[in-house]
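Source: prediction; values computed, not measured.
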Amino acid sequence: MSLEWSLKELYDSFEGENFQEDLKKLDVQLQKMIEWAEQALDNHEDEKEKLEKIIEEQLKLFAIREKLGAFCHLVSATDSKNKLALKYSDILRTKMNTLAETITKTSKWISSIENLQELIESSPLLKEHEFYLNEIVEDNAHMLDEREESIIARMKNTGSSAWANYKNLLVSMHKVEIEDKGEIKEYPLTVVLNMAYDTDKEVREKAYHAEIASYKKIEEGVAAALNGIKGEALTLSELRGYSSPLEMTLQNSRMDRETLDAMLAAMKESMPKFRSYLRRKAELLGYENGLPFYELYAPVSSAHMTYSYEQGQAFVEENFRSFSEHLGNFARKAFDHNWIDVMPKEGKRSGAFCSSIRTLKESRILLNYGDSFSDVITMAHELGHGFHSECLKNESAHNTHYPMPLAETASTFCETIVKKAAIKQADKQMAFAILETEISDATQVIVDIYSRYLFETTVFNHREESPLTVEEIKEAMLDAQKEAYGDGLDPNFLHPYMWTWKPHYYYADVHFYNFPYAFGLLFAKGLYAQYLERPDTFPSEYEKLLSLTGKMKIKDLTSAANIDVHDINFWRASLKTIEEDIEEFIKLSYEI
């Protein structure tokens, strides 16, 4: 069994014939679309035929671009030193940026069609892409003219995209010095981050202090990247007529402010319950002033939850099958076909992700597996993303782009399946350990995500006036952690550098990638409650729901699942399920 993912289904190498041929095909397709749009979109004759042509040619382009881009992204994710991956990523961005003017011209042409809905109803191809076309019209209200959009796209190469690449390089190559038996050893950051789950308190504390101290070497560079990216976001949101990057994010998320406000209000109400969990965990670990940050992931049970990768695979697959054979078979396919890159190593990016390759109807999953139960849950989470893509594999590529909040629904649902099933199988000691893992993860998705939302809001507000210094960024992070965690954490041991390695702050075109995780968790909790009510019929309903996520607004999709996301009581009810787990955890903590 290979512990590295297979990319041969994409290409053998950057120098290989297939990669180079597709690069040439991309040039041909780009030029074809640019020349055709220049000639055809100066008038509104034959609108139906032109609309169909636009969709057909866009889908051809997408197929080529996706394969090339996926190969570059996946190679660089496990080998940040790979110069060819970085080179061709830049080449692809430059090539695609030549289409910016044509995209703008096309969007404006579509938006100016007077009888668009009639044309959609008259064509099966257009009807299939009804949501996609109507969304173009909605988004067009915030587009600049063709020339300006082209300039912006090109400037991103030396702006936000360059800053993101620079930050990724700094972090992926970052080494942490830790003293071990009188000898100073250097470890990749990904390895040190995994030490937070170690069963040895001394290892956890030593790793925390070494990690914090190490950021002095890269803090100025990472802060410059954050300022550059957020400054660009503020400029673009203003140019496009949005009141803020948050408004821009909400529209791109197909989510309204009423939904966000209701969810955040319910989350804020729930903070005291999470703090009671953190204080009880602190007591169990021997602390009196709240939990030190480096103990957030510390095990509190004598039932040592360690899983080799093979054991983790078996555990996930078994519990996936408790929900449906389709989900279990999907996991087995990912394992057997080497879709997963498993272990941490130098030059590999931190964290985890799932990359969907729609052209292949496959996914690739990056892990930094460390043998903890949390790593098993991360595996389930990323396989959930892959299953989401599995449910969309028969949709047109234009109908597979779901918004950020829905992006975390399937992954979180899969986490819930594994955790709940595991608790049912366990004795009291093991149930306590699993429950603690589940609550610990929920604390990250509710409390820490809330702190990240507060932090990013502060950064944007400050960045409107001027760039932030390293000290100001650190202060903003500490203030956000204090507001969210309250007396649950020891104020003397927080984490002022959580902004350095979290990738979500540095996405060039995506901002506030924090609240979608909370949405995903709480929406998944609501869906899981429905599953418990009708376990026989729900799996097929769930797959149908996932298949629609690329062509509906969130309010419409959730309404189809009989959920009102404007109602704070829905969010309270979802949070109540976590609060009940916390109560059970505290109760068990006195019994074992």
S.K.: Please find out if less than 6.0 Å separates the ring center of H326 from that of Y542.
M.R.: no
S.K.: May I have the step-by-step check of side-chain contact (heavy atoms from CB on, under 4.5 Å) for L383 and C414, ending in yes or no?
M.R.: CA-CA 8 Å; L383 284 167; C414 280; 6.0 Å; no
S.K.: E101: what forms a side-chain contact (heavy atoms from CB on, under 4.5 Å) with it, not counting sequence neighbours?
M.R.: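 With neighbours one apart ignored, the set is E146, S150.
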S.K.: Does a side chain donor of either N252 or T249 reach within less than 3.5 Å of an acceptor in the other side chain?
M.R.: no
S.K.: I'd like to check L521 versus E408 (side-chain heavy atoms, cut-off strictly below 4.5 Å). Are they in contact?
M.R.: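 No; the side chains remain at least 4.5 Å from each other.
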S.K.: Does S324 offer a backbone N or O that forms a donor-acceptor pair with the side chain of N329 under 3.5 Å?
M.R.: no
S.K.: Answer yes or no: is there an ion pair linking K53 with E56, defined by an N-O contact shorter than 4.0 Å?
M.R.: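 No, this pair does not count.
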S.K.: Salt bridge (Lys or Arg N to Asp or Glu O under 4.0 Å), that's the test. Do K345 and E4 meet it? Break it down for me.
M.R.: CA-CA 11 Å; K345 58 187 176 185; E4 297 183 348; 3.4 Å; yes
S.K.: Does a salt bridge link D556 with K551, judged by any charged N lying under 4.0 Å from a carboxylate O?
M.R.: no
S.K.: Among residues two or more places apart or on two chains, list those pairs meeting ring-ring contact (aromatic ring centres under 6.0 Å, His included) that have a residue in residues 134-154.
M.R.: H142-Y242
S.K.: Do any pairs count as a side chain to side chain donor-acceptor pair (under 3.5 Å) and have a residue in residues 159-169, sequence neighbours left out, and if so which ones?
M.R.: S160-E232
S.K.: Answer yes if the ring centres of F413 and F387 are under 6.0 angstrom apart, and no otherwise.
M.R.: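 For F413 and F387, the ring centres are not under 6.0 Å apart.
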S.K.: Between E543 and C391, is there a donor-acceptor pair closer than 3.5 Å when you use the side chain of the first and the backbone of the second?
M.R.: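 It does not hold such a pair.
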S.K.: Measure the acute angle between the ring planes of Y132 and H398, then classify it against the limits of 30° and 60° as parallel, tilted or perpendicular.
M.R.: parallel
S.K.: Consider only side-chain N and O atoms of S123 and E52, and report whether a donor and an acceptor are under 3.5 Å apart.
M.R.: yes
S.K.: Between N43 and K50, is there a side-chain donor-acceptor contact under 3.5 Å, judged purely by atom types and distance?
M.R.: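 Yes, a side-chain donor-acceptor pair sits under 3.5 Å.
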S.K.: As a quick check of understanding, evaluate side-chain contact (heavy atoms from CB on, under 4.5 Å) for I120 and N134, giving each step before the final call.
M.R.: CA-CA 10 Å; I120 289 173; N134 285 325; 4.2 Å; yes
S.K.: Would you say the side-chain atoms of D22 pair up with the backbone N or O of I64, donor to acceptor, closer than 3.5 Å?
M.R.: no
S.K.: Are R364 and E9 close enough for a salt bridge, meaning some N to O gap below 4.0 Å?
M.R.: yes
S.K.: Taking 4.0 angstrom as the limit, do K393 and E390 come out as a salt bridge?
M.R.: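 Answer for the salt bridge query: yes.
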S.K.: Between the side chains of S112 and H44, is a donor N or O closer than 3.5 angstrom to an acceptor N or O?
M.R.: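 Note: S112 and H44 side chains meet the donor-acceptor criterion.
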S.K.: Strictly distance-based, threshold 3.5 Å: is any side-chain N or O of T549 a donor or acceptor partner for the main-chain N or O of L545?
M.R.: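 Side chain of T549 to backbone of L545: no pair is present.
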S.K.: Mind running side-chain hydrogen bond (donor to acceptor under 3.5 Å, both in side chains) on T94 and N97 for me, showing each step along the way?
M.R.: CA-CA 5 Å; T94 301; N97 286 342; 5.5 Å; no
S.K.: R240 and salt bridge (charged side-chain N to carboxylate O under 4.0 Å, His left out): which single residue from E149, E247, E148 fits?
M.R.: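 Filter result, single survivor: E149.
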S.K.: Would you confirm whether N82, through its side chain, and A85, through its main-chain N or O, come within 3.5 Å as a donor-acceptor pair?
M.R.: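 Yes; judged by distance alone, with no hydrogens or angles, the pair exists.
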S.K.: Check each of W499, Y513, F455, F512 against Y505 using the ring-ring contact (aromatic ring centres under 6.0 Å, His included) test, and report the only one that passes.
M.R.: F455
S.K.: For the pair W339 (side chain) and A331 (backbone), establish whether a donor and an acceptor sit closer than 3.5 Å, ignoring hydrogens and angles.
M.R.: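 Looks like no, no N/O pair under 3.5 Å.
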S.K.: Hey, is K555 close enough to E258 for a salt bridge, meaning N to O under 4.0 Å?
M.R.: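 Looking at E258 together with K555, the answer is no, because their closest N to O distance does not fall below 4.0 Å.
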S.K.: Output all residues satisfying ring-ring contact (aromatic ring centres under 6.0 Å, His included) with F519, sequence neighbours left out; order by chain, then residue number.
M.R.: F523, W571
S.K.: Using ring-ring contact (aromatic ring centres under 6.0 Å, His included) as the criterion, list what pairs up with F14, not counting sequence neighbours.
M.R.: F19, F71, Y88
S.K.: Applying ring-ring contact (aromatic ring centres under 6.0 Å, His included), name anything that partners W5, two or more places apart in sequence or on another chain.
M.R.: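 For W5, no residue satisfies ring-ring contact (aromatic ring centres under 6.0 Å, His included) once neighbours in sequence are set aside.
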S.K.: Is a donor on one side and an acceptor on the other found under 3.5 Å between the side chain of R463 and the backbone of L468?
M.R.: no
S.K.: Could you tell me whether D90 and R93 make a salt bridge, using a distance below 4.0 angstrom between a side-chain N and a carboxylate O?
M.R.: yes
S.K.: Do any N or O atoms from the side chain of H388 and from the backbone of G384 form a donor-acceptor pair under 3.5 angstrom?
M.R.: no
S.K.: Under the 3.5 angstrom rule, does the side chain of S547 hit a backbone N or O of K544 as a donor-acceptor pair?
M.R.: yes
